[in-house]
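Notes follow the structure.
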Amino acid sequence: MTQPSIFEPEGRGVPFIDEGEGPVTLVLVTDRALEADGLGVISHYLAEEAGFRVVRIGTRADADGTSVAERAGDAAAVITDLGIDDTWIGGHGSGGTIARTFALDHAGHVNGLLLLGVEDEQIELAPGIPVLIIQAENDEVTPAAHAEALQATAPERATITRIPNADHYFVATHPIETAVVIEEYLDWD
């Protein structure tokens, strides 16, 4: 597994992992320590098997009280420092909420939005950007109703794919199934 690095914009220590290289770049934002975010297997699969560049951005050490907008700003700082001009961005649960905020604030740099479960937050979707929502069939934390309500705001560009027999922690319990859905959708062309 790739070791985390720390980027320190204006003294904030933002951990990130950058692995793989290829024509598709995916940034995943998490609200946990990178070692415990449940996205490692998915990221590694996409980097090694699908040939994607995957950047996971974690939570800074002093994250208590940090707003969603500040976390989106942290992601923007890391993405800029890595020289990424355009990317898919996403996250699991609250990481997806941060990604939605990033997409609104930086739509010109976003190729698409990946939501692994959808929180019930009143954040609109950035205009014109495709959205892939991966929803666990039995998720009680971010239930399917949230994903369906968000999809209804942009049915022409938002797609929901369900992971059967999975709960909120599907990114950790069903990582290959999840990674294959991402690979097939993002690499369709």
Side-chain angles (χ1 to χ4, degrees), residues 1-117 119 121 123-132 134 171-172 175 178-179 182-183 185-187:
M1 200 57 103
T2 306
Q3 294 299 311
S5 299
I6 303 290
F7 178 62
E8 298 192 43
E10 301 169 13
R12 303 181 316 264
V14 182
F16 70 94
I17 295 174
D18 184 2
E19 65 180 314
E21 54 186 67
V24 176
T25 301
L26 171 62
V27 173
L28 295 171
V29 183
T30 181
D31 68 343
R32 295 187 169 92
L34 291 172
E35 299 79 17
D37 69 0
L39 297 170
V41 173
I42 293 171
S43 297
H44 192 69
Y45 175 92
L46 291 171
E48 294 298 318
E49 300 298 325
F52 289 11
R53 179 180 186 186
V54 182
V55 178
R56 287 173 32 228
I57 301 175
T59 302
R60 56 173 127 145
D62 63 345
D64 289 343
T66 305
S67 71
V68 169
E70 289 170 316
R71 291 292 317 285
D74 287 348
V78 171
I79 290 166
T80 299
D81 187 65
L82 292 174
I84 297 170
D85 294 325
D86 55 66
T87 184
W88 274 79
I89 189 159
H92 176 237
S94 60
T97 300
I98 296 164
R100 286 165 65 185
T101 301
F102 179 93
L104 274 173
D105 295 344
H106 305 279
H109 298 287
V110 177
N111 295 333
L113 185 60
L114 168 65
L115 302 173
L116 304 167
E119 287 190 317
E121 296 290 334
I123 300 170
E124 64 186 86
L125 292 173
I129 295 173
V131 181
L132 172 60
I134 302 179
V171 296
T178 304
I182 296 167
E183 176 185 18
Y185 191 90
L186 271 63
D187 200 27

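Side-chain atoms are counted along with the backbone in the values below, which use heavy atoms only and exclude waters and symmetry mates.
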Distance check, rounded to the nearest 0.5 Å: [X] atom [atom1] versus [Y] atom [atom2]?
{"X": "Ile17", "Y": "Ser5", "atom1": "CD1", "atom2": "OG", "result": "8.0 Å"}
{"X": "Phe7", "Y": "Thr80", "atom1": "CZ", "atom2": "OG1", "result": "8.0 Å"}
{"X": "Phe102", "Y": "Ile79", "atom1": "CZ", "atom2": "CD1", "result": "3.5 Å"}
{"X": "Glu19", "Y": "Gln3", "atom1": "CD", "atom2": "CD", "result": "11.0 Å"}
{"X": "Leu113", "Y": "Arg100", "atom1": "CG", "atom2": "CZ", "result": "7.5 Å"}
{"X": "Leu116", "Y": "Leu28", "atom1": "CG", "atom2": "CG", "result": "7.0 Å"}

Sequence-distant partners of [X], side chain to side chain contact (heavy atoms under 4.5 Å, CB included), two or more places apart:
{"X": "Ala50", "answer": "Leu46, Phe52, Glu183"}
{"X": "Glu70", "answer": "Arg60, Thr66, Ser67"}
{"X": "Thr97", "answer": "Val68, Glu119, Glu121, Ile123"}

Handout entry: Check against side-chain contact (heavy atoms from CB on, under 4.5 Å), Thr30 and His92
Key = CA-CA 7 Å; Thr30 181; His92 176 237; over 6 Å; no
Problem - Check: Gly58 main-chain N/O paired with Arg71 side-chain donor or acceptor under 3.5 Å - result: yes
Problem - Donor-acceptor contact present, side-chain Arg56 to main-chain Leu34, <3.5 Å - result: yes
Can you name the closest pair of heavy atoms from [X] and [Y] and give their distance?
{"X": "Gly90", "Y": "Ala99", "value": "CA-CB, 3.6 Å"}
{"X": "Pro23", "Y": "Gly51", "value": "CD-O, 3.9 Å"}
{"X": "Gly112", "Y": "Trp88", "value": "C-CE3, 3.2 Å"}

Exercise for the section: For His109, check ring pair (Phe, Tyr, Trp, His ring centres under 6.0 Å) against everything at least two apart and list the hits. Expected result: none
Taking the side chain as every heavy atom from C-beta outward, state whether [X] and [Y] have any atom pair closer than 4.5 Å.
{"X": "Leu26", "Y": "Ile182", "answer": "yes"}
{"X": "Val14", "Y": "Ile6", "answer": "no"}
{"X": "Leu132", "Y": "Leu115", "answer": "no"}

Exercise for the section: Check the pair Arg53, Leu82 against side-chain contact (heavy atoms from CB on, under 4.5 Å), reporting the backbone distance first and the verdict last. Expected result: CA-CA 12 Å; Arg53 179 180 186 186; Leu82 292 174; 3.8 Å; yes
Exercise for the section: Could you pull out all residues at least two apart from Asp105 that satisfy side chain to side chain donor-acceptor pair (under 3.5 Å)? Expected result: none
Handout entry: For Glu35, side chain to side chain donor-acceptor pair (under 3.5 Å) partners two or more places apart
Key = none
Handout entry: Over 12 non-hydrogen atoms of neighbours within 6.0 angstrom of CD in Glu8
Key = yes
Handout entry: Derivation of the side-chain contact (heavy atoms from CB on, under 4.5 Å) call for Ile89 and Leu114
Key = CA-CA 6 Å; Ile89 189 159; Leu114 168 65; over 6 Å; no
